[in-house]
Novice: 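Before I ask anything, here is the structure I am working with.
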Amino acid sequence: MGASLSLVPLLDYFARREFAAAGLSPGAVTVPYPDGGGGGGGESTCTVHYWASAGEPRLPPLLLVHGFGPRATWQWRCQVGPLSRHFHLIVPDLLGFGGSSCGDAAASPPPSEATQAAALAALLDALPGMKGRRVAVAGTSYGGFVAYWLARTAGAERVGPVVIASSDLLKTAADDRGFLKRAGEGWNGVEEVLLPAKPAAMRKLLEMAAYQPPPVVLMPDFILRDFIQKLFTENREQLIQLFKGITVGTDKFPVTPISQEVLVVWGEQDQLFPVEKAYAVQRSLDGKANVEIISKTGHAPQLEDPTRFNKILLDFLLATHKHDPSSNGTSQ
């Protein structure tokens, strides 16, 4: 009888309600597959699902980019209310996540960070009043990889201040070995934990991602199986290849300084990407990025201590907007 219980729709309802209460509405746009690829022959297209503040921007635009795991509404639900008072928000689902996809997913190659960034740029151009408009961007975990790629390739005239949250832009094979050591014995690869297919892997992910994970008694196998089925099963193989194919921080796309102001935010007890990587990212950006470490949080400080996280973001973004010569003082 318990096996029929599903918490996912209930949690999804509450997350969507937070977005609606902040004045955001869902939508979707169809854009050409970046670089004309996508497999399957002919001109392929992508559908990018998003939530956004209503109408044309009257406040400075801010793009929030999610990471691996649950959909964007879950990952940014604690931010949209406070941030929407100062910014025009755009919160997309990345390709392969939530409601965003490209043509025949089975025939399409896993989207790279370049593809993701290009799809976001196309989304911005398609939204009312956003074509060519400068936008700040914040990315968490994998979203930080995409945010960095977008900021670097689009340039400072299109992308303003950048927030990199819990994103190890310099991830190496040695980091993966360290991850597996922290996870303990029995795991064949990092993706086995990050994209769980079994309750034991889901439980391990929660233990490593959170500073205070739910008690084991609140994580019975039937609940974890339901989360896996509804949040991790669809496109899982493609997402594994996407994870293995990350190019930011490799010889294909090494991390170099960018002209935009950058804030690096990290949870002090992050077991997925240890906190020392925050300072490694800072050094790779010529030491110019601001670093903020949030104590008593893990890989998702925006959920574990949203009050502190939101203050750090707002202090940084409002200060950079105030000194941005392209701003018009609309964020009050």
Side-chain angles (χ1 to χ4, degrees), residues 62-70 74-83 86-87 136-148 151 160-172 174-179 181-183 190 193-194 204-214 246 248-249 255-258 260-321:
L62 172 60
L63 178 69
L64 300 177
V65 189
H66 68 84
F68 273 78
W74 290 36
Q75 296 190 35
W76 293 114
R77 67 183 185 274
C78 298
Q79 281 64 59
V80 290
L83 293 179
H86 303 274
F87 297 95
V137 59
T140 179
S141 194
Y142 175 68
F145 291 77
V146 178
Y148 173 78
V162 180
V163 178
I164 305 293
S166 310
S167 304
D168 184 5
L169 304 183
L170 304 169
K171 191 178 76 68
T172 65
D175 291 317
D176 288 347
R177 291 192 294 270
F179 178 100
K181 185 176 181 179
R182 292 189 297 277
V190 173
V193 176
L194 292 183
K204 177 59 64 174
L205 174 61
L206 291 171
E207 290 173 357
M208 295 184 70
Y211 170 65
Q212 291 184 319
I246 286 174
V248 168
V255 177
T256 58
I258 56 179
Q260 295 95 328
E261 294 193 62
V262 180
L263 170 67
V264 177
V265 186
W266 226 272
E268 189 175 31
Q269 282 75 35
D270 191 343
Q271 292 190 67
L272 303 187
F273 298 151
V275 69
E276 57 264 24
K277 297 309 296 272
Y279 298 102
V281 170
Q282 181 191 42
R283 289 191 296 272
S284 73
L285 299 173
D286 271 358
K288 296 178 182 178
N290 300 311
V291 175
E292 291 280 356
I293 307 300
I294 303 180
S295 63
K296 298 182 180 179
T297 64
H299 188 63
Q302 78 273 19
L303 300 178
E304 292 196 274
D305 192 349
T307 300
R308 176 68 177 148
F309 185 92
N310 294 344
K311 184 179 187 307
I312 288 171
L313 250 65
L314 282 169
D315 286 349
F316 170 73
L317 292 171
L318 293 176
T320 52
H321 174 70

Novice: Between S167 (side chain) and A165 (backbone), is there a donor-acceptor pair under 3.5 Å?
Specialist: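 Present.
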Novice: Do side-chain atoms of Q282 reach the backbone of A289 as a donor and acceptor pair under 3.5 angstrom?
Specialist: yes
Novice: In sequence, state the C-alpha distance, the side-chain angles, and the governing distance for L169 and S284, and then conclude on side chain to side chain contact (heavy atoms under 4.5 Å, CB included).
Specialist: CA-CA 9 Å; L169 304 183; S284 73; 5.9 Å; no
Novice: Could you tell me which non-hydrogen atom of A210 sits nearest to which non-hydrogen atom of P213, and how far apart they are?
Specialist: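 The answer is O-CD, 3.6 Å.
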Novice: Say whether, by atom type as modelled, one donor and one acceptor occur between the side chain of Q269 and the main chain of K296 under 3.5 angstrom.
Specialist: yes
Novice: Does the Q79 side chain pair with the main chain of Q302, one donor and one acceptor, at a distance under 3.5 Å?
Specialist: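 Between the backbone of Q302 and the side chain of Q79 there is a qualifying donor-acceptor contact (under 3.5 Å).
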Novice: Once you round to the nearest 0.5 Å, how far does OG1 of T140 lie from CG of L64?
Specialist: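 With rounding to 0.5 Å, OG1 (T140) is 10.0 Å from CG (L64).
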Novice: How many angstroms lie between atom CD of E268 and atom OG1 of T297, to the nearest 0.5 angstrom?
Specialist: 7.5 Å
Novice: How far does CD of E261 sit from CG of L317, to the nearest 0.5 angstrom?
Specialist: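 Spacing of CD (E261) from CG (L317) equals 10.0 Å.
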Novice: Going through the distances and angles, do M208 and F179 end up as a side chain to side chain contact (heavy atoms under 4.5 Å, CB included)?
Specialist: CA-CA 9 Å; M208 295 184 70; F179 178 100; 3.9 Å; yes
Novice: Would the distance check show the side chain of K204 and the main-chain N or O of A183 forming a donor-acceptor pair, the cut-off being under 3.5 Å?
Specialist: yes
Novice: Grab the two heavy atoms, one from L263 and one from E292, that are nearest each other, plus how far apart they are.
Specialist: CD1-CG, 3.8 Å
Novice: So for atom CD, which belongs to Q212, do other residues, nucleotides or ligands contribute more than 12 heavy atoms lying within a distance under 6.0 Å?
Specialist: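 No.
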Novice: Compare every heavy atom of L314 with every heavy atom of P82, then report the nearest pair and how far apart it is.
Specialist: O-CD1, 4.5 Å
Novice: Holding to salt bridge (Lys or Arg N to Asp or Glu O under 4.0 Å), I want the full list of residues that pass it with E304, two or more places apart in sequence or in another chain.
Specialist: none
Novice: If we ignore hydrogens and angles and just use 3.5 Å, is the side chain of Q75 paired with the main-chain N or O of P70 as donor and acceptor?
Specialist: yes
Novice: Between atom CG of L272 and atom CG of L205, what is the distance when rounded to the nearest 0.5 Å?
Specialist: 6.5 Å
Novice: In the structure I gave you, are the side-chain heavy atoms of V255 and V281 within less than 4.5 Å of one another anywhere?
Specialist: no
Novice: Among pairs that include at least one residue of residues 277-317, which meet ring-ring contact (aromatic ring centres under 6.0 Å, His included), considering only residues two or more places apart or in two chains?
Specialist: F273-H299
Novice: Taking the side chain as everything from C-beta on, heavy atoms only, tell me whether V248 gets closer than 4.5 Å to K171.
Specialist: no
Novice: Do you know the tightest heavy-atom contact between C78 and P306?
Specialist: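 Taking C78 first and P306 second, the nearest heavy atoms are CB-CB, 3.6 Å.
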Novice: Is a side-chain N or O of Q271 found less than 3.5 angstrom from the main chain of R182, in a donor-acceptor match?
Specialist: no
Novice: Given side chain to side chain contact (heavy atoms under 4.5 Å, CB included), test D305 with Y211 step by step and report yes or no.
Specialist: CA-CA 10 Å; D305 192 349; Y211 170 65; over 6 Å; no
Novice: Can you tell me how far the CD1 atom of I312 sits from the CD1 atom of I293, to the nearest 0.5 Å?
Specialist: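 Separation between the atoms: 9.0 Å.
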Novice: Before giving the answer on side chain to side chain contact (heavy atoms under 4.5 Å, CB included), spell out for I246 and Y142 the whole-Å C-alpha distance, their side-chain angles and the decisive distance to 0.1 Å.
Specialist: CA-CA 9 Å; I246 286 174; Y142 175 68; 4.1 Å; yes
Novice: Taking all non-hydrogen atoms of both residues, which atom of V65 and which atom of G143 are closest, and how far apart?
Specialist: CG1-CA, 3.6 Å
Novice: Hey, could you give me the CG/CG distance between D168 and D175, rounded to the nearest 0.5 Å?
Specialist: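 Those atoms lie 5.0 Å apart.
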Novice: Quick one: closest heavy-atom pair of V275 and W266, and the distance?
Specialist: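 Here V275 and W266 meet closest at CA-CD1, 3.6 Å.
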